[in-house]
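Contents: one structure, followed by commentary.
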Number of protein chains: 2
Amino acid sequence: MSESTPLPIRERTRRLAQTELTSVAQDLFVAQGYDGTTVDQIAAAAGMSKRTFFRYFPSKDDLVIGKYDLFADRMAEALDERPADEPIWESLRRVFDTTLDYVQDDYQRARNEAMDEIVRSTPQLYARYLEKMQRVQQLLIGRVAGRLGARGDDPSDPRPAAIVGAAFACMQAARQAWFASDRSDTFGDYLDVAMKTIQLSERPTA
Amino acid sequence: MSESTPLPIRERTRRLAQTELTSVAQDLFVAQGYDGTTVDQIAAAAGMSKRTFFRYFPSKDDLVIGKYDLFADRMAEALDERPADEPIWESLRRVFDTTLDYVQDDYQRARNEAMDEIVRSTPQLYARYLEKMQRVQQLLIGRVAGRLGARGDDPSDPRPAAIVGAAFACMQAARQAWFASDRSDTFGDYLDVAMKTIQLSERPTA
DNA sequence: CCTTTAGTGACACCGGGTGTCAAGTGTGCG
DNA sequence: CGCACACTTGACACCCGGTGTCACTAAAGG
């Protein structure tokens with residue numbers, strides 16, 4: 001019983017070290033750019049060796065885009081919580097609201113936007129970001145397939161992937177448009193516009 | 001006039017060297033995997049040094065995914081050739097037919113499929129593939145925006161990106177489904193199914 | 001107090017990628 | 001013919017991201 005927190009004790013310091021590294025790295029990235037910053041510099045700035053850095057992050061990339069892994073589970077949960085009889089397109093729109101909370105988080109919003117800018121302007125990171133999003137989609141595709149009826153879980157049915165992919169395309173489009181806008185409208189507004197330009201066909205029922 | 005081919009002379013040997021490298025590399029990749037094959041091995045197998053390899057390809061990745069650059073221009077041209085009054089969704093569907101010709105190309109089809117498999121199974125390459133596709137989409141988005149009327153070229157209008165992104169999502173979905181299928185239907189059939197599940201809203205005309 | 005165990009740093013190493021330089025291979029021109 | 005020039009190549013050294021190894025330290029636990 002005395003060992004009610006056998007893992008947290010070590011795990012918590014681990015998290016602290018990770019956030020510390022992330023914080024230090026962000027400053028260096030905005031000052032020197034992503035490619036212009038070496039792992040040695042980040043590690044040194046955090047008072048540790050390169051080798052130790054790689055014990056906290058599997059790669060330099062993961063320090064930046066690792067946080068997107070949380071999205072996957074959060075979105076999957078959010079989708080599960082939608083009523084089963086709700087139109088899929090509407091459910092997906094609501095799932096994206098989960099993202100908005102993250103954007104809304106204000107005391108770190110400037111920092112997050114700076115990191116997003118780095119991801120967008122660094123091809124290598126952007127590529128990995130897209131791949132992560134693709135993985136998130138995979139999680140949702142399975143659930144959407146379940147709602148599509150009997151043929152749903154057939155991997156050779158392209159419809160679930162098409163629907164989820166289209167929804168993410170709308171999110172991506174809204175994201176890009178919102179960044180290019182004067183921010184007088186909310187991201188949610190852009191998301192609505194984007195997703196309203198697309199409709200799902202009446203299900204062939206067959 | 002006698003110098004009617006001043007650049008081709010060198011450029012042609014360059015192309016030859018590139019295709020030779022690509023061919024050799026493909027064999028090594030299928031035998032040892034992508035990560036298990038070093039640039040030194042590829043270069044040696046083609047009878048050159050590592051340094052020379054990087055004069056023909058900017059990176060190891062580009063040897064594999066470089067060919068996708070051709071897609072961008074081909075698709076853009078294909079879209080330009082569609083009648084201006086054709087529904088955009090239909091135009092995009094026809095543009096994807098351009099891809100089919102490539103798949104149809106038979107005397108190298110097995111080889112191409114093997115490379116596609118490598119791209120799909122190597123996260124690093126898959127990420128770069130997605131990024132390339134994103135760039136292709138950018139080319140098409142501009143053109144689609146032009147067709148959408150006055151607000152079309154406004155970068156803060158998410159609709160063009162949403163439409164193009166959705167179309168590519170369908171292509172991706174069809175691709176994945178077709179690979180998982182028994183190939184009794186054509187890829188075009190899957191593309192039709194995927195794209196028919198999605199409709200564009202009536203333009204708000206505003 | 002002593003043993004075990006996790007975390008760490010130092011070091012060597014690998015592979016992708018680049019800069020540099022010197023040697024080779026033409027190609028044109030005097 | 002021979003020289004000069006541009007271009008290509010190979011060899012070498014180097015940087016950086018990432019990994020395996022090992023010895024050290026410090027805390028947990030008997």
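Every value quoted in this text rests on a predicted model; they were computed, and no experiment measured them. Scope of the values below: all heavy atoms of this structure, side chains included, with no hydrogens, waters or symmetry mates. Sequence lines set the chain letters: A, B, ... in the order given, protein chains first and strands last, and positions in each chain run from 1.
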Sugar-phosphate, base or nothing in reach of A:G36, heavy atoms under 4.0 Å: nothing
Sugar-phosphate, base or nothing in reach of B:F57, heavy atoms under 4.0 Å: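 Answer is nothing: B:F57 stays at 4.0 Å or more from every strand.
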Nucleotide nearest B:F54 (side chain, heavy atoms from C-beta), chosen from D:dC16, C:dA10, C:dG16: C:dG16
Residue B:V39, side-chain heavy atoms: nucleotide from C:dG7, D:dT9, C:dG16 that is nearest: C:dG16
Heavy-atom donor-acceptor pair, B:K50 side-chain to D:dG10 base, under 3.5 Å: no
Polar pair under 3.5 Å, donor/acceptor by atom type, side chain B:R51, base C:dG19: yes
Side-chain donor-acceptor contact under 3.5 Å, B:S49 with B:T52: yes
Among A:V136, A:I163, A:V164, side-chain contact (heavy atoms from CB on, under 4.5 Å) partner for A:I141: A:V164
Ring center gap for B:F71 and B:Y68 short of 6.0 angstrom: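 Between B:F71 and B:Y68, the centre distance is under 6.0 Å.
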Atom pair distance, as rounded to whole Å: CE in B:M48 and P in C:dA23: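 In whole Å, C:dA23 P and B:M48 CE are 22 Å from each other.
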Contacts of type ring pair (Phe, Tyr, Trp, His ring centres under 6.0 Å), residue A:Y34, not counting sequence neighbours: A:F29
Whichever of B:T37 and A:Y56 has its nearest DNA chain C nucleotide further upstream toward 5':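 The residue mapped nearer the 5' terminus is A:Y56.
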Between the first and last five pairs of the helix from C:dC1-D:dG30 to C:dG30-D:dC1, the angle of the axes, rounded to 10 degrees: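 Taking the rotation axis at each end, their angle is 10°.
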